[in-house]
There are 2 protein chains.
Amino acid sequence: MRSSHVPDIVVGRLPLYLRALNHMQAEGNEITSSQELGERLGISSAQIRKDLSQFGEFGKQGTGYNIGYLSDQLRSILKVDRVWDVVLVGVGDLGRALANYAGFLDRGFRIYSIFDSDPKKIGKRAGDFTIQDAAELRKAIQADDIQVAMLAVPSDQAQAAADALVEAGIRAILCYAPTSITTPASVRVEYIDPVLHLQHMTYHVV
Amino acid sequence: MRSSHVPDIVVGRLPLYLRALNHMQAEGNEITSSQELGERLGISSAQIRKDLSQFGEFGKQGTGYNIGYLSDQLRSILKVDRVWDVVLVGVGDLGRALANYAGFLDRGFRIYSIFDSDPKKIGKRAGDFTIQDAAELRKAIQADDIQVAMLAVPSDQAQAAADALVEAGIRAILCYAPTSITTPASVRVEYIDPVLHLQHMTYHVV
DNA sequence: TAGATTGTTAATCGATTAACAATC
DNA sequence: TAGATTGTTAATCGATTAACAATC
């Protein structure tokens, strides 16, 4: 395994490759090539080979890649060859949908506990979870050494909630609030805001 | 307004600028600078000025940008100075959350009607909507000339649903299914898959 | 062997940044 | 006017692609 420093844009494509490989495997295939993978994803085969070569040599000349083997390697590189426990903060409609979502577990993540600050919600159920008091966030995160959080609170509460997560030792936050939040450089944040995508697309629609 | 061809990566940042400007305006500010905007977003001021210069001259030397004016210009460029009607296909937990989401309207989008193919759901309510039969998709889209869709069906139904949308004349699809779908080049697709973000972040977490 | 596909190099292409004249 | 910030140019930086020797 090479690396040293791999460009972040390359790392960001690995989950995409992994997802496609999983689909191929589910279709019963054993072998694929950079070309086939590229066609499925709309990415050039050269780019896929170059990206993978940052981490090692996973293919065979003349043959291609063994899907199971390459999946395993990518899971290991991305550190999803284990299951990460995740806390969910904010149990509105979206938080509830996330709490019920069955697609996390087999891709390396499991919602471990869920929190809200609304007294009317605390103690109620959502999916398989009992909603806990957001004031207990720190204690819960530290007791179970949780490193990853999903943030689904309203925009005006996002920064305060993120501060609490950082304070508690969280290392990665997936933020669903449509706002930018500030964290120390050691805490990674990624964002999901559907409206950004919609607005990007309408630019192109005549 | 210049353009001719603006790099897509630049277009993709405009919604981010617009969102930040709206926050600034909500905070009661009237004027901002490329530097202030950049700090808020973690983007260099030079990049912001360069991006904006692709579309015109919106600032004043020595002063900066009028927030209201720049917002208006960006909304016009992104074509969200109007409201786009959107169809939602797939009313599971996520679809339901989207149907209830109040944050679309003031950013240029309105869910107009929602569809599912499950006979048990058709006719039932979700938020302010009555769930319609996905078999009626084409008729509904064409009758009301809808151009934008959100797709929240399971992965194994995503391609078929997308095909139906394309067939009906949809021009932009926001796909929540964790899979790549294929459409003609004239139909734009963007994806939201939270697990891709989580896996990207765990690479960096020690 | 002949055909296919990798991993890698070098060339190309595109995006970001630094710097500054223009000017409010 | 003096100070500040734009819009733009040129330089830098980084990412993608094309091409091919290696080899399965």
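Just so we're on the same page: letters track the sequence lines, and every chain starts at 1.
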Task: Strand contacts (DNA chain D) in residues 27-47 of chain B, 4.0 angstrom heavy-atom criterion - done: B:Ser33, B:Ser34

Task: Between CZ on residue A:Arg107 and CG on residue A:Leu78, distance to nearest 0.5 Å - done: 11.0 Å

TODO: Using Watson-Crick or G-U wobble pairs with both distances under 3.5 Å, give me DNA chain D in dot-bracket, 5' to 3', with [ ] for crossers and | for pairs to another strand.
DONE: ..||||||||||||||||||||||

Task: Donor-acceptor under 3.5 Å (A:Ser71 side chain, A:Ile67 main chain) - done: yes

TODO: Kindly state which residues belonging to residues 61-72 of chain B come within less than 4.0 angstrom of DNA chain C, counting heavy atoms of the residue only, listed by number.
DONE: B:Gln61, B:Gly62

TODO: Please check if any side-chain donor atom of B:Gln159 sits under 3.5 Å from a side-chain acceptor atom of B:Asp163, or the reverse.
DONE: yes

Open item on the list: Just N and O in the side chain of A:Arg49: are any of them under 4.0 Å from OP1 or OP2 of D:dA19?
Closed with: no

TODO: Would you check if A:Leu52 and A:Tyr65 make a side-chain contact, meaning some heavy-atom pair closer than 4.5 Å?
DONE: yes

TODO: Give, for atom CE of B:Met201 and atom CZ of A:Arg188, the distance between the pair rounded to the nearest 0.5 Å.
DONE: 8.5 Å

Task: Side-chain heavy-atom pair B:Val87, B:Leu165 within 4.5 angstrom cut-off - done: yes

Task: Salt-bridge contact A:Asp93-A:Arg96 (side-chain N to carboxylate O under 4.0 Å) - done: no

Open item on the list: On DNA chain D, does the nearest nucleotide to A:Asp51 precede the nearest nucleotide to A:Lys60 from the 5' side, or the other way round? Give the residue.
Closed with: A:Asp51

